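Here is the structure we will look at.
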Amino acid sequence: MSTTTKRAYNFNAGPSALPLEVLEKAQQELVNFNNTGMALMEMSHRSKDYEAVHNDAVARLKALFSIPDNYEVLFLQGGASLQFTMIPMNFLTPETTASYVLTGSWSEKALKEAKLFGQTAQAASTKENNYRNIPSLEEIKFNDTDAYVHITSNNTIYGTQWKEFPTTGEVTLVADMSSDILSRPVDVSKFGIIYAGAQKNLGPSGVTVVIIRKDLLEKANTNIPTMLKYTTHADANSLYNTPPTFGIYMLGEVLKWVENKGGLEAIEKQNEEKAKVIYDAIDNSNGFYYGHATPESRSLMNITFRVTDEELEKKFLAEAKEAGFVGLNGHRSVGGCRASTYNAVPFEACQALANFMVEFQKNNQK
Ligand SMILES: *Cc1c(COP(=O)(O)O)cnc(C)c1O
């Protein structure tokens, strides 16, 4: 692998950094895949070469997460945002209630879609606290008769992350894991459905991964459009219609990369080390920088922070950009700064940002 390619310090929130090794391998294989004289993108999704790629990606995902046999792995399109709709469309009715834990803008959007299909309740909300924290497990309220309980495992915009998941017993737990899937081990058996748009940790945009327990497929509503039924895709191994073949290939390569790094436990450790250098720069700044999230709810994937005064914050962002740091502006809905430190962002980039923060403080502290 060439190590001479100049890479940006990429802290984009999504689409975001991909591993250099994966990009270079894709480049090598781009024009002539497996000596077929074709790019993978040019092949039938029913061809042997493509099907091998497809099934390999499913198998690797199952192995990495130790996904039990009673789950299906689906590759869909429409992003996590279409899952906001598909979940209630398949599992909610006008007579039943789904409970949503509100921890940020993405959970609000998910709830909004559910209201179109049935009754909803707030299982908990931290909106009053400007979504600075994840509710404690004791605060979460739901009924045994609920169609499901929905959570957002990592709040990309506010920079908070669940450290422990609720136990919901017979009630199906559904999680939007778009921005922290593949960043740490997860006990899949706690969940009925896990879904994630690919463009944060899994690969390029265009693929959505859905991990769904098989018994739910049998219970799903039937009088809904074919393409929006989970059973359609489960029955066809996600090949009912043309899947995003290149995105699934890239996902498979990202999964191999995670395996080579030592799997999810090793990746989690690296993510902790990466986030720590930046959080340390915030915590050791005597208030020059301050985090948005409360310390116990801090995300290892999206680090949200402010600079003491607004003028200095603008200067910080401008100088950071000048120094080669990309994507540090906070989401347009909350402002401030955000460093997204997804799996593919190397430790060196995080260290460079922390050093830059310390240096900027030295030069600008009044
Ligand atoms: C990015 C993101 C989404 C939206 O994903 P799309 O694939 O663009 O629909 C939803 N939820 C979370 C937590 C996200 O980070």
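Start at 1 and go down the list; that is how both ligands and their atoms are numbered. What you see is a predicted model, and the numbers here were worked out from it, not measured in a lab.
With sequence neighbours excluded, no residue forms a side-chain hydrogen bond (donor to acceptor under 3.5 Å, both in side chains) with Y279.
Ring-centre distance between F11 and Y342: not below the 6.0 Å cut-off. For F91 and Y148, the distance between ring centers is not under 6.0 angstrom. A centroid separation of 6.0 Å or more is found between the aromatic rings of H292 and F305.
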Considering only N or O atoms, set out every pair between ligand 1 and the protein closer than 3.5 Å, with distances to one decimal place.
residue	atom	partner	partner atom	Å
ligand 1	7 (O)	A80	N	3.1
ligand 1	7 (O)	Q199	NE2	2.9
ligand 1	8 (O)	Q199	NE2	3.3
ligand 1	9 (O)	A80	N	3.2
ligand 1	9 (O)	S81	N	2.8
ligand 1	9 (O)	S81	OG	2.6
ligand 1	11 (N)	D176	OD2	2.6
ligand 1	15 (O)	T156	OG1	2.5
ligand 1	15 (O)	K200	NZ	2.7

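Residue F288 forms a side chain to side chain contact (heavy atoms under 4.5 Å, CB included) with just one option from M357, K362, R306, Q365, and that option is Q365.
Between Y230 and L76 the shortest side-chain heavy-atom distance falls below 4.5 Å.
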